[in-house]
Amino acid sequence: MSEASSPDQRIDELRRVISEHDYRYHVLDQPTVADAEYDRLLRELLALETEHPELASADSPTRTVGARADTGFAQVEHELPMLSLANAFEQVDQDDDDLRFAELADFVRRVERSLGVDTPEFSAEPKLDGLAISLRYEDGRFVRGATRGDGSTGEDVSANLRTVRAIPLRLRGDDWPAVLEVRGEIYMRREDFLAFNAGALERGERTLANPRNGAAGSLRQLDPAVSASRPLAFYAYGVGVVRAGELPERHSQTLLKLREWGLPICPEVAVANGLDGVIAYYRHIGGKRDALPYDIDGVVFKVDRYRQQETLGFVARAPRWALAQKFPAQEEMTRLHAIDIRIGRTGAATPTARLEPVHVAGVTVTNATLHNADQIARLDVRIGDTVIVRRAGDVIPEVVQVVLEQRPPGTEPWRMPERCPVCQSQLVRPEGEAVWRCSGGLYCPAQGKEALFHFASRRAMDIDGLGERLIDQMVELELVRTPADLYALTVADLLEMKRRADERDGTTPETVRQGRVASKWAENLVAAIDATRPARLARFLFALGILQIGEETAKSLARAFGRFQDIASADAVLLLSAPEVGPKVAASVATFFAQAHNREVIDALFQRGLHLVDEGAPDPSFVQALDTGQLLVNAKRVARSDGGELFRGVGEESLKALAAGADDLTGLLCVDVEALANATGVSSSRIDIVRAELAADSPWQQRLLAAQAQVQALRERLPTDDAAAALPLAGQTVVLTGTLASMGRDQARERLEALGAKVARSVSKKTRFVVAGEAAGSKLARATELGVDVLDEAALLELLARHG
DNA sequence: ATACCTCGAGTTCG
DNA sequence: CTCGAGGTAT
């Protein structure tokens, strides 16, 4: 590169070199210069062009941004319409390939029959999730680019397309047709999309919803400078109008030609033979879908030979020689019609989006959770919005984002209603919590129903046949209000209820019209309820639906106390010492049993024959830890969580030392301060504080004395012989994942728990081992990652057998 | 105080 | 499965 060259020579040379680098980067995917060097060349060219405006050129690789379009885009009629492809969907839940790919198989068979060919050849390529465009080249120069529009008329977005580096402004070589229309897809690489959004977030600008929207939105910018700032990419996948004889005989060869001319072609394109070939290709691309640097929504198959394409022709507007085989979509856009409030068992008010039905990942989605009011505010979801719905990870649909461009005018931010939609009670949000709750409690039918449903559910009392519909009817016809009412039901009650429900709904079942009465279901239900009368303590505790008490905590309480009555009457100060129980949980339990209406329901249950079959002795280590010192410590924690303060300035160590020095509470109240101070090393001023707060008829004195009596009662119930052999898996945490052939997960869990193991839900480094069945997923991966032992089903069975 | 680790609770569709 | 929050270990 000579220093002496004139500006126009240097400009020519730079343009040539930069174009070559663009080609190597975008088409060959083999860059030969570092980004910095490329940028330097580009800057030099830009400087020269600015300095010598007379040497400017529309197809300079600087892609100097064109003028802003004020009035929108000109309409462009496509000389040859841009086709839409027939879509085929994989039938999920089908093992047989012929059924899974029924539409694809039909397509291939139709092609075979029409052509009289045995194994037709298809050009196969991924279907990029972007925006289809058409580029027009005249004498090798880019003259115009347009969106697909409705297929026959699109919008002229030439100025924006000129800023896309992957689109050549001049074709390479010299054997191109005088007029060439290239069809292809504008898209955004995932990586570029993420980087762009990260940058936008930093600059406080609006982020793009997803790569597809990013590509489409960027092209429709009136100001090309905005397009230029977006990381757009392009792949060509076909041609529009060309004169006969100017192209090869096959589509796949045309793509190679386009590549020679400098147009980027997706490297995944291939030729597939017959049905087996196209299915294999679909699988191949599906398998590397996540590894591809861009989003795709399927693959496209086109009959490769143009001659054969002509024979097949068109149906309506879709070619009979091409088919798009779609992957199950992971994200879709749809309209949000309304936001409903659901009231859960605990009164939690959960907003739910009611959506225009849309296919996502193989199912039709009509509802999606919005979690809570904060989430709605964060997304700024409004009624009437177009939203993007995703089935994340597994199954549960969620609203990911609002498409602001499509927001109808006149919308307002959504607000949580003031009253419960079911019982009209005030909705309140406890301080520091994210959820709003209906304050109606059991008065609220929604909460009552949910409480009943929970009571009857499989993991609680497991009342077979008592489902949501039946509970709805029972509550609405005022047959049942609380779980206790279930145990008073008779077959006659149920039949009467059914009759009234049918009457109310105006439905008369076939059996009634025939003058018969179907009563089997009612007999079964009464029997199912009766079967739950002998109940297990932990399940019953869980079934009561105490806030914060799930299965695990219920088990922990059951094990620690051994007897229902001792839990129901326990002070929070005792509860706090049970494993996994802290101040919040302890308060929740104590409050529940302090409520008169809860006690009434429980009494009624016992009166109607419910009894606990597995009550036993309390857990020795739990009871032993509950000495006077621990009671004082617990009292201090309980007081603090109530927002108060007890034994201010006296630490836990000091409290324990004092209790130890004074034997018990009574001793602590009577003993000589000086002597105690000497014996324990706790300052007499601290002892005074403790004693002042435990003064006669102070509430805490009453309470702690009662608590001490409760502990004493537990002590008396401790097992006399300590021969209770240690369980083989005591203290070990294990995790189950995947499907076991020989037993259900619940059964495996019970058997492991019977050996003393704790069966947790997630894997951590504290997990002793993971049992991995068939189709184990992320938990197995995590176990491997953390180096946790993994047992297969055979090893589990062996372990269970070894320990009886 | 902080960093895990678990649990509780709510969730959709067929 | 995910989120939030409670509990415990450090």
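Just so it is clear, the values below take in all heavy atoms, side chains as well, and ignore hydrogens, waters and symmetry mates. Below, chain A is the first sequence line, B the second, and so on; all start at residue 1. Bear in mind the structure is a predicted one, so any value in this text is a computation, not a measurement.
- Where DNA chain C pairs in unbroken runs of 3 or more (Watson-Crick or G-U, both distances under 3.5 Å), the stems are B:1-10 with C:1-10.
- A/V365 comes within 4.0 angstrom of sugar-phosphate atoms only, judged by non-hydrogen atoms across all strands, and of no base.
- If you measure from atom CD of A/E552 to atom C1' of C/dG6, you get 14 Å, rounded to the nearest angstrom.
- Across B/dA9, C/dG7, B/dC5, the shortest atom-to-atom separation from the side chain of A/T346 is found for B/dA9.
- Comparing A/V435 and A/K766 along DNA chain C, the residue whose closest nucleotide (by nearest heavy atom) sits nearer the 5' end is A/V435.
- Distance CD (A/E468) to P (B/dT11): 11 Å, rounded to an integer number of Å.
- Taking 4.0 Å as the cut-off between side-chain N and carboxylate O, A/D340 and A/R342 do not count as a salt-bridged pair.
- Separating the CD atom of A/E450 from the P atom of B/dG8 is a distance of 18 Å, rounded to the nearest angstrom.
- Listed nucleotides B/dT6, C/dG7, B/dG8 differ in distance to A/S762; the shortest reach to its side chain belongs to B/dT6.
- Mapping A/E580 and A/K779 onto DNA chain C via the closest heavy atom, the residue that lands nearer the 5' end is A/K779.
- Qualifying ring-ring contact (aromatic ring centres under 6.0 Å, His included) partners for A/Y443, counting only residues two or more places apart in sequence or in other chains: none.
- A salt bridge links A/R459 and A/E551; the closest N-O separation between the charged side-chain nitrogens and carboxylate oxygens is under 4.0 Å.
- A/L655 CG to A/L631 CG: the interatomic distance, rounded to the nearest 0.5 Å, is 11.0 Å.
- With rounding to whole Å, A/I549 atom CD1 is found 13 Å from B/dC7 atom P.
- For A/R437 and A/T346, the side-chain atoms include at least one donor-acceptor pair closer than 3.5 Å.
- Rounded to whole Å, the distance from CZ on A/R749 to C1' on B/dC7 is 12 Å.
- Residue A/T366 places no side-chain N or O under 4.0 Å from the OP1 or OP2 atom of B/dT12.
- Put simply, A/T350 has no side-chain N or O that comes within less than 4.0 Å of OP1 or OP2 on B/dA9.
- Dashed line: the shortest gap from a side-chain N or O of A/N367 to OP1 or OP2 of B/dC13 is under 4.0 Å.
- With ring centers used as reference points, A/F455 lies 6.0 Å or more from A/F542.
- Nearest nucleotide to the side chain of A/T369, out of B/dT12, B/dT6, C/dG6: B/dT12.
- Sequence neighbours left out, the pairs with a member in residues 460-474 of chain A that pass salt bridge (charged side-chain N to carboxylate O under 4.0 Å, His left out) are A/K449-A/D472.
- Atom CG in A/L544 sits 8.5 Å away from atom CE in A/M461 (nearest 0.5 Å).
- The NZ-C1' distance, from A/K765 to B/dC4, rounds to 7 Å in whole Å.
- Nucleic acid contact class of A/R345 (heavy atoms, under 4.0 Å, all strands): sugar-phosphate only.
- One can place NZ of A/K584 at 8 Å from P of C/dG7, the figure rounded to the nearest angstrom.
- For B/dG8, the OP1/OP2 oxygens have a side-chain nitrogen or oxygen of A/T553 closer than 4.0 Å.
- Nucleotide B/dG10 holds its P atom 11 Å from the CD atom of A/Q548, rounded to whole Å.
- Backbone-only engagement by A/K758 is indicated by non-hydrogen atom pairs under 4.0 Å involving sugar-phosphate atoms exclusively.
- For A/R761, the side-chain atoms get nearest to B/dC7 when compared with the rest of B/dC7, B/dC5, C/dG6.
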